[in-house]
Amino acid sequence: MNLRISIITALAALVVAGCASVAPPGKRELMLVANDEKQSWDKDGKVVLSAAGRDTLSIIDIGTDPLAPRIIANLPLPNTIAGPPVNLAITPDETLAIVANSLNVIDENGVLKQVPDNRLWVIDLTASPPRLIDTVLVGKQPSGLSINKAGNLALVANRADNSVSVLRISGKKVELIDTVAMGESVAHVRFTPDGRRALAAKFPGHKIAFLDVNGEKVSYAKQDVPAGLWPYNVDVTPDGKLALTADNGNSGAADGHVDTVSVIDIEAMPPRVIDKVVVGDGPEGLAISPTGKLAVAVLLKGSNSATSAPFYHRNASVVALKIDGKKVTRGNEVEVRGLPEGAVFSQDGRYLYVGNFIDQDITILRVDGDQLVNTGKSLALPGHPAAMRGKMTH
């Protein structure tokens, strides 16, 4: 009898201890994932197009349980992998999402082809479930975009129109108020944290352009800095001192050669490139942690190239970049899966989510100081993740 009581007491103590070690549920935190079901690649690395009608936008809660994200809704909205994986954003108050649709696939005399679109989707994230509430027309092939920290202005890079669209956000109303000519194609545009400037990636021009923002007036004074080859993506540190660019190196594809991340001092007058960090083959996804201490470059590494190519890899990787003041150094490299595109940090900077286009899932990495660690956890998706973004934090 005494032995039985001792065993029961010991088991009860273990249960209590186990419960005490379980982290309490966190606060809801949203992430957008746009899934493109129209494009793939064959074994020779050639693009294969499929008919439209199966794309989705997944709205995912990564905050309640960071290691077990939950899909809240899958909205049937067209999207495309063409362009940098930052053609969508969430307002700072998490009330709205804005998603650009860059290209459509159409049937022309029995042949499928891609043509530029000009639509933005506006989604009400406060609805249960979230729902599409408006469509806004902008320039041709809207691609990378951002929302300012105040949540009242958005910018969209129109690749086929050589322009940047300016959008006013008022409550749940989003409207086009201006268009800024850029003189050449731009792939992405990113506000600085103070909202007074923006940086636009001149993809074929190998430059980063600076825009001035005064209230709702956005102007281009034709001030550019030279980045590396084919800058596809640009992000800014939370303190507004540095910008980083993903210099893709080969017009949106891997080629076996190493490529760089350019480091731009945006405090300097005029701004200038102060360093280049060699990261590997084909950086496309790029994200800076809300902590400002770490960034990541997502490498393609030929994972959608011909399987016979000497630089082909079944899986690709993510490279950590340590930020210390204005010094950026390469950290460790972690393998993910096929054709990784977007990358999203959790708002506390403790986790990183990477979308693997070929494998239709998200790899969950943990941030350990200035190192990335694969948790072994993943999230299956209803489609192929072409773009990813969390709430605008800086």
* On the 0 to 90° scale, with breaks at 30° and 60°, tag the His384-Phe357 ring pair as parallel, tilted or perpendicular. => tilted
* Using a strict cut-off of less than 4.0 Å between a Lys/Arg side-chain nitrogen and an Asp/Glu carboxylate oxygen, indicate whether Asp235 and Arg190 qualify as a salt bridge. => yes
* If you measure only the distance, is there a donor-acceptor pair under 3.5 Å linking the side chains of Ser308 and Lys43? -> no
* **Nearest heavy atoms of Ile71 and Ile60, plus distance in Å** => CG1-CG1, 3.9 Å
* Would you please say whether a donor-acceptor pair under 3.5 Å links the side chains of Asn35 and Thr56? => yes
* Asked: Does Tyr351 offer a backbone N or O that forms a donor-acceptor pair with the side chain of Ser346 under 3.5 Å?
  -> yes
* **Backbone N/O of Glu284 and side chain of Asn233: donor-acceptor pair under 3.5 Å** => yes
* Hey, which of Leu339, Thr307, Val48 is the one that makes side-chain contact (heavy atoms from CB on, under 4.5 Å) with Trp41? -> Leu339
* Evaluation steps, side-chain hydrogen bond (donor to acceptor under 3.5 Å, both in side chains), between Ser143 and Asn87 -> CA-CA 5 Å; Ser143 298; Asn87 67 327; over 6 Å; no
* Does a side chain donor of either Asn152 or Asn148 reach within less than 3.5 Å of an acceptor in the other side chain? -> yes
* Evaluation steps, side-chain hydrogen bond (donor to acceptor under 3.5 Å, both in side chains), between Thr126 and Lys172 -> CA-CA 10 Å; Thr126 66; Lys172 293 183 181 178; 2.7 Å; yes
* Is a donor on one side and an acceptor on the other found under 3.5 Å between the side chain of Asp161 and the backbone of Ser163? -> no
* Asked: Are Lys202 and Asp224 ion-paired here, with the side-chain N under 4.0 Å from a carboxylate O?
  -> yes
* To do: Would you sort out whether Thr245 and Ile264 count as a side-chain contact (heavy atoms from CB on, under 4.5 Å), showing the intermediate values?
  => CA-CA 8 Å; Thr245 69; Ile264 306 173; 3.9 Å; yes
* **Test ring-ring contact (aromatic ring centres under 6.0 Å, His included) applied to Phe345 - qualifying residues, sequence neighbours left out** => none
* Can a donor-acceptor pair be found between the side chains of Glu333 and Ser317 at a distance below 3.5 Å? -> yes
* Would you mind checking if Lys391 and Glu29 are paired as a salt bridge, meaning a charged N to carboxylate O distance below 4.0 Å? => no
* To do: For the pair Val122 and Val136, evaluate side-chain contact (heavy atoms from CB on, under 4.5 Å) and give the outcome as yes or no after the intermediate values.
  => CA-CA 8 Å; Val122 181; Val136 180; 3.9 Å; yes
* **Candidate list Leu120, Leu77, Asn79, test side-chain contact (heavy atoms from CB on, under 4.5 Å), partner Val99, passing option** => Asn79
* Would you mind checking if Asp259 and Lys276 are paired as a salt bridge, meaning a charged N to carboxylate O distance below 4.0 Å? => no
* **Leu153 side chain near Ile177 side chain, heavy-atom distance below 4.5 Å** => yes
* Under the 3.5 angstrom rule, does the side chain of Asp247 hit a backbone N or O of Leu229 as a donor-acceptor pair? -> no
* **Donor-acceptor pair, side chain of Arg159 and main chain of Gln141, under 3.5 angstrom** => no
* Asked: Can you tell if the side chain of Leu88 reaches within under 4.5 Å of the side chain of Met388, non-hydrogen atoms only?
  -> no
* Does the side chain of Asp124 pick up a donor-acceptor pair with the side chain of Thr95 at under 3.5 Å? -> no
* Lys/Arg-Asp/Glu bridge criterion (N-O < 4.0 Å) met for Lys327, Asp275 -> yes
* Are the side chains of Leu352 and Val296 in touch, meaning some heavy atoms are under 4.5 Å apart? -> yes
* **Working for side-chain contact (heavy atoms from CB on, under 4.5 Å), residues Met182 and Tyr220** => CA-CA 7 Å; Met182 297 301 300; Tyr220 173 40; 4.0 Å; yes
* Asked: Are Thr329 and Val277 close enough that some pair of their side-chain heavy atoms sits under 4.5 Å apart?
  -> no
* Asked: Any side-chain heavy-atom pair from Val180 and Ser165 closer than 4.5 angstrom?
  -> no
* State whether the side chain of Asp281 and the backbone N or O of Val258 hold a donor-acceptor pair below 3.5 Å, judged by distance alone. => no
* Asked: Taking side chain as C-beta onward, heavy atoms only, is Ser289 less than 4.5 Å from Pro238?
  -> no
* Could you tell me whether Lys38 and Asp55 make a salt bridge, using a distance below 4.0 angstrom between a side-chain N and a carboxylate O? => yes
* Asked: Is Tyr353 reaching over with its side chain to a backbone N or O of Pro66, donor-acceptor style, under 3.5 angstrom?
  -> yes
* **Residue of the set Asp361, Asn356, Thr363, Asn315 for which side-chain hydrogen bond (donor to acceptor under 3.5 Å, both in side chains) holds with Arg337** => Asp361
* Of all heavy-atom pairs between Thr192 and Leu199, which one has the smallest distance, and what is that distance? -> CG2-CD1, 3.8 Å
* Side-chain donor/acceptor of Arg119 to backbone N/O of Leu137, under 3.5 Å -> no
* Under 3.5 Å, is there a donor-acceptor pair between the Ser58 and Asn74 side chains? -> yes
* Asked: Where is the tightest heavy-atom contact between Ala243 and Val234, given as atom of each residue plus distance?
  -> CB-CG2, 4.4 Å
* Asked: So which heavy atom on Asn374 is nearest to which on Leu365, and how close?
  -> CA-CD2, 3.5 Å
* Asked: Does the pair Asp359 and Arg314 meet the rule for a salt bridge (Lys or Arg N to Asp or Glu O under 4.0 Å), with working shown?
  -> CA-CA 10 Å; Asp359 290 286; Arg314 169 59 182 84; 2.6 Å; yes
* Asked: Can a salt bridge be assigned to the pair Asp212 and Arg196 using a cut-off of 4.0 Å between side-chain N and carboxylate O?
  -> no
